[in-house]
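Here the structure comes first, spelled out in structure tokens, and everything after it is commentary.
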Amino acid sequence: MSTHLLALRDFTGEELAGYLRLADSLKKEAAAGVRHLYLAGKTIGLIFEKPSTRTRVSFETAMYGLGGQVVYLSGRDTQLARNEPLKDMARVMARYVNGLVIRTFGQEIVLELARYSSVPVINALTDLHHPCQILSDIMTVIECKGDIERLNIAWVGDGNNMANSWIEAAGRIGFKLTLACPEGFEPDPAILAAARREARCPIELVRDPVAAVRDADVINTDVWTSMGREGEEAMRLAHFAPYQVNSALLAAGKADSIVLHCLPAHRGEEITDEVLESSRCVAFDQAENKMHIHKAILLTHLK
Ligand code: CP
Ligand code: NVA
């Protein structure tokens, strides 16, 4: 198994299922009041060069919940902000901590950190991937639907980091994925091509959001303007307007479909307040499951 968790494609379907099973049992044990100190005496470093509420707090509470310690470093507070080479930061941090969790811009930054780090590196979001989030989301789908195999998953909106990681998951796990993205905002073509070569079920790219949700069991969306692309916001609002997940779009699909959003949400843009607050939307279960999945990831990579 890969030492690092940088992208979902680096893992087999069985390895991905392993995180999901472990997270499920840890969640049930936590609910039953069982306390584990599996990571007592261990410390992780969180290096965050973009803002975060859920990912930061759920990694911190996951680590504390397993008896471990956390050091949080905002990118601007380290010598990285004064151009210390990342390869030096990687080797220094690895002398202090047992694992590194990083949220940053380019995927190449995470790859370089992993190359020079002698401790496991976990990708907590880059411009290209958000692998840990998709594991939490799949866990949530399985809780709601019993399984994800053979389900129809729809992605509506930007072909962004979340979409890319869903595509990689579809390459490893047997579910059908249909993505509806506006022209010019498709997912990464190399990620899509690689996943299509390996997937057991179709991965389709369409323009029409109705075509994506018609047979969907799960409807997924995310912000139209991801972190780092704020300068494109006005242009994006115009392109994405037909891709809002609202009651009319839900009415075009199955009555028992569920809606996923990794949060933070921009109500009135990619999703309406009505849909986000409805019982069909499981965004807050996804948020909780991030902590259980992060426990499983930390245990798998650090133990
Ligand atoms: N979903 C997610 O990654 O949220 P944060 O940006 O708050 O970490
Ligand atoms: N696509 C979003 C996800 C935020 C959790 C972003 O990168 O900003």
Side-chain angles (χ1 to χ4, degrees), residues 5-8 19 23 44 46-63 70 72-75 100-110 122-141 155-169 179-182 185-188 191 218-233 235-237 239-240 243-245 259-267 269-271 276 281-298:
L5 198 175
L6 309 182
L8 296 180
Y19 292 120
I44 53 167
L46 263 53
I47 305 169
F48 275 48
E49 299 198 284
K50 290 176 177 173
S52 170
T53 299
R54 281 146 288 270
T55 308
R56 173 185 173 177
V57 176
S58 57
F59 264 112
E60 293 197 5
T61 50
M63 191 63 184
V70 176
Y72 177 81
L73 292 166
S74 128
L100 288 168
V101 177
I102 179 165
R103 168 169 287 197
T104 187
F105 294 87
Q107 183 73 7
E108 69 284 357
I109 298 172
V110 170
I122 312 293
N123 179 355
L125 181 146
T126 61
D127 294 344
L128 199 63
H129 292 289
H130 199 0
C132 303
Q133 178 71 49
I134 274 53
L135 289 174
S136 326
D137 297 353
I138 293 173
M139 179 178 176
T140 311
V141 170
W155 177 268
V156 178
D158 194 15
N160 62 13
N161 43 9
M162 287 285 299
N164 290 332
S165 287
W166 266 106
I167 289 168
E168 291 205 336
L179 303 109
C181 308
F185 300 92
E186 295 88 355
D188 184 88
I191 289 174
V218 176
I219 300 169
N220 245 298
T221 191
D222 184 20
V223 290
W224 291 339
T225 306
S226 286
M227 291 180 277
R229 296 195 173 269
E230 288 78 5
E232 300 173 6
E233 193 164 355
M235 175 272 285
R236 283 172 170 265
L237 280 177
H239 280 90
F240 282 94
Y243 291 80
Q244 184 183 70
V245 174
V259 176
L260 266 62
H261 194 308
C262 68
L263 302 176
H266 289 184
R267 288 167 164 83
E269 293 184 17
E270 78 277 0
I271 192 165
L276 192 70
C281 182
V282 294
F284 298 98
D285 297 322
Q286 293 171 255
E288 177 185 339
N289 285 336
K290 285 172 73 74
M291 181 179 67
H292 304 297
I293 275 288
H294 292 165
K295 279 187 179 173
I297 290 168
L298 292 169

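Each ligand, and each atom within it, is numbered from 1 in the order the structure gives. Just so you know, residue 1 is the first one in the sequence shown, and it goes up from there.
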Cation-pi, Phe48 ring and Arg56 (6.0 angstrom, 45 degrees): no
Regarding [X] and [Y], is there a side-chain donor-to-acceptor distance under 3.5 Å anywhere?
{"X": "Asn160", "Y": "Asp222", "result": "yes"}
{"X": "Thr225", "Y": "Glu233", "result": "no"}
{"X": "His266", "Y": "Glu270", "result": "no"}

Can you list every pair where an N/O of ligand 2 is under 3.5 Å from an N/O on the protein?
unit_1	atom_1	unit_2	atom_2	d
ligand 2	1 (N)	Asn160	ND2	3.4
ligand 2	1 (N)	Asn161	OD1	2.8
ligand 2	1 (N)	Asp222	OD2	2.6
ligand 2	1 (N)	Ser226	OG	2.8
ligand 2	7 (O)	Asn161	ND2	2.8
ligand 2	7 (O)	Ser226	OG	3.4
ligand 2	8 (O)	Met227	N	2.8

Listed partners of Met291 passing side-chain contact (heavy atoms from CB on, under 4.5 Å), at least two apart: Ser58, Thr61, Ala62
Over 12 foreign heavy atoms within 6.0 Å of CZ, Arg229: no
Residues in ring-ring contact (aromatic ring centres under 6.0 Å, His included) contact with His239, at least two apart in sequence or another chain: Phe185
Residue contacts for ligand 1, heavy atom to ligand atom, distance under 4.0 Å: Ser52, Thr53, Arg54, Thr55, Arg103, His130, Gln133, Cys262, Leu263, Lys290
Closest approach of Val259 to Val245 (non-hydrogen atoms, all atoms of both residues): CG1-CG1, 4.3 Å
Donor-acceptor under 3.5 Å (Asn164 side chain, Pro187 main chain): no
